[in-house]
Amino acid sequence: DSGVTQTPKHLITATGQRVTLRCSPRSGDLSVYWYQQSLDQGLQFLIQYYNGEERAKGNILERFSAQQFPDLHSELNLSSLELGDSALYFCASSEGVRGVDYGYTFGSGTRLTVV
Amino acid sequence: KNQVEQSPQSLIILEGKNCTLQCNYTVSPFSNLRWYKQDTGRGPVSLTIMTFSENTKSNGRYTATLDADTKQSSLHITASQLSDSASYICVVKIPGGGADGLTFGKGTHLIIQP
């Protein structure tokens, strides 16, 4: 167990729908990062939050949004879902803002299937 | 465009054998290069990290090498075990960049057969 908790583990939904993925970071970690991993594709960075504030943004679609709450858990909202949004969505967390330099820990992911 | 290419895409070897995975990148300049191991259905776990000035880094049976001149890195696995079956991902970071400064390879899928 990495200490980063993602729920649900699996999600199947229809095109056009909206879903919310949840991530609880490791105890003491203030940064949360969201990644998308499509079949046979490399991990794509979506967005990072640090202590409730957006810190960095990657290739996140306008249909996607995220936030980090005062208790530091984060939610990734995906709306108007398309078949191409089917992927593994990972959350990672780190103590500081520079987790990509000093190390961050990934959760086990949420597998989203859009039918 | 910054790219990270990994080869082979997949590899099957017998338990106990050695293997080498390759990573070629066009990211320039770069700050560091990491190798991750990703078990099926799990998140990636860091194996090694090397800065541009380092040539080799070991972590148990895993040894990563880096040639910054040719922009190539390799991950050598010695005396493979069944638990080494996983995807191995090469990641390159640009200097000064944050989370948006990483480029991930697509990974090599390694299968260890008994």
Side-chain angles (χ1 to χ4, degrees), chain A residues 1-6 8-10 21 23-26 30-50 53-60 66 68 74 87-94 96-111, chain B residues 1-10 21-27 29-54 57 59 73 86-109:
Chain A
D1 182 10
S2 68
V4 179
T5 303
Q6 291 188 246
K9 291 192 182 303
H10 303 277
L21 312 184
C23 170
S24 294
R26 289 187 317 170
L30 299 179
S31 268
V32 170
Y33 312 75
W34 285 98
Y35 289 88
Q36 179 192 57
Q37 187 177 41
S38 302
L39 189 65
D40 296 329
Q41 294 295 314
L43 282 156
Q44 298 289 325
F45 169 66
L46 296 178
I47 198 164
Q48 177 195 359
Y49 279 83
Y50 175 75
E53 300 291 325
E54 182 183 306
R55 182 71 185 187
K57 208 167 189 177
N59 299 320
I60 187 167
Q68 186 179 28
S74 178
L88 271 167
Y89 290 85
F90 285 102
C91 166
S93 74
S94 66
V97 68
R98 299 301 296 270
V100 295
D101 291 312
Y102 303 114
Y104 53 177
T105 302
F106 282 84
S108 294
T110 291
R111 180 174 294 281
Chain B
K1 180 181 177 182
N2 289 332
Q3 289 189 312
V4 175
E5 301 288 340
Q6 293 189 243
S7 61
Q9 278 191 322
S10 61
L21 314 181
Q22 298 291 341
C23 172
N24 295 337
Y25 59 93
T26 61
V27 179
F30 85 100
S31 170
N32 59 57
L33 185 148
R34 287 179 193 266
W35 282 93
Y36 281 89
K37 178 187 180 189
Q38 184 177 15
D39 293 316
T40 301
R42 311 285 294 189
V45 174
S46 182
L47 292 175
T48 65
I49 177 172
M50 291 180 291
T51 65
F52 63 90
S53 61
E54 295 178 288
K57 184 71 70 78
N59 179 358
S73 177
S87 285
Y88 292 83
I89 302 170
C90 175
V91 187
V92 182
K93 182 180 177 296
I94 62 174
D100 54 347
L102 298 179
T103 303
F104 289 79
K106 294 182 181 180
T108 291
H109 186 52

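Chain letters run A, B, ... following the sequence lines, proteins first, then strands; residues in each count from 1. Only this structure's heavy atoms are used, side chains among them; waters, hydrogens and symmetry mates stay out.
- Environment of CZ in A:R111: sparse, with no more than 12 heavy atoms of neighbouring residues, nucleotides or ligands closer than 6.0 Å.
- Each of B:Q6, B:Q38, B:Q9 has some count of heavy-atom pairs under 4.5 Å with chain A, and the biggest count is that of B:Q38.
- Proximity to chain B is absent for every atom of A:Q44, based on heavy atoms less than 4.5 angstrom apart.
- Rounding to the nearest 0.5 Å places CD1 of A:I47 at 11.0 Å from CG of B:D100.
- Taking chain A as the reference chain and counting heavy-atom pairs below 4.5 Å, the highest number among B:G98, B:P44, B:G105 is found for B:P44.
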### Task
Any chance you could lay out the side-chain contact (heavy atoms from CB on, under 4.5 Å) test for A:Y33 and B:L102, step after step, and finish with the verdict?
CA-CA 12 Å; A:Y33 312 75; B:L102 298 179; over 6 Å; no

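- Under a cut-off of 6.0 angstrom, the local environment of CG in B:D39 is crowded, with over 12 non-hydrogen atoms contributed by other residues, nucleotides or ligands.
- For A:Q48, the part lying under 4.5 angstrom from a heavy atom of chain B is the side chain only.
- Distance CG/A:L88 to CZ/B:R42: 12.5 Å, rounded to 0.5 Å.
- Put simply, the side chain of B:R34 gets close to the backbone of A:V100: a donor and an acceptor are under 3.5 Å apart.
- For the options A:G107, A:A92, A:S2, A:G109, heavy-atom pairs under 4.5 Å to chain B are most numerous at A:G107.
- Summarising the geometry, atom OH belonging to A:Y35 is positioned 4.0 Å from atom CZ belonging to B:F104; distances are rounded to the nearest 0.5 Å.
- At a 4.5 Å heavy-atom cutoff, the contact between A:K57 and chain B is made by backbone atoms alone.
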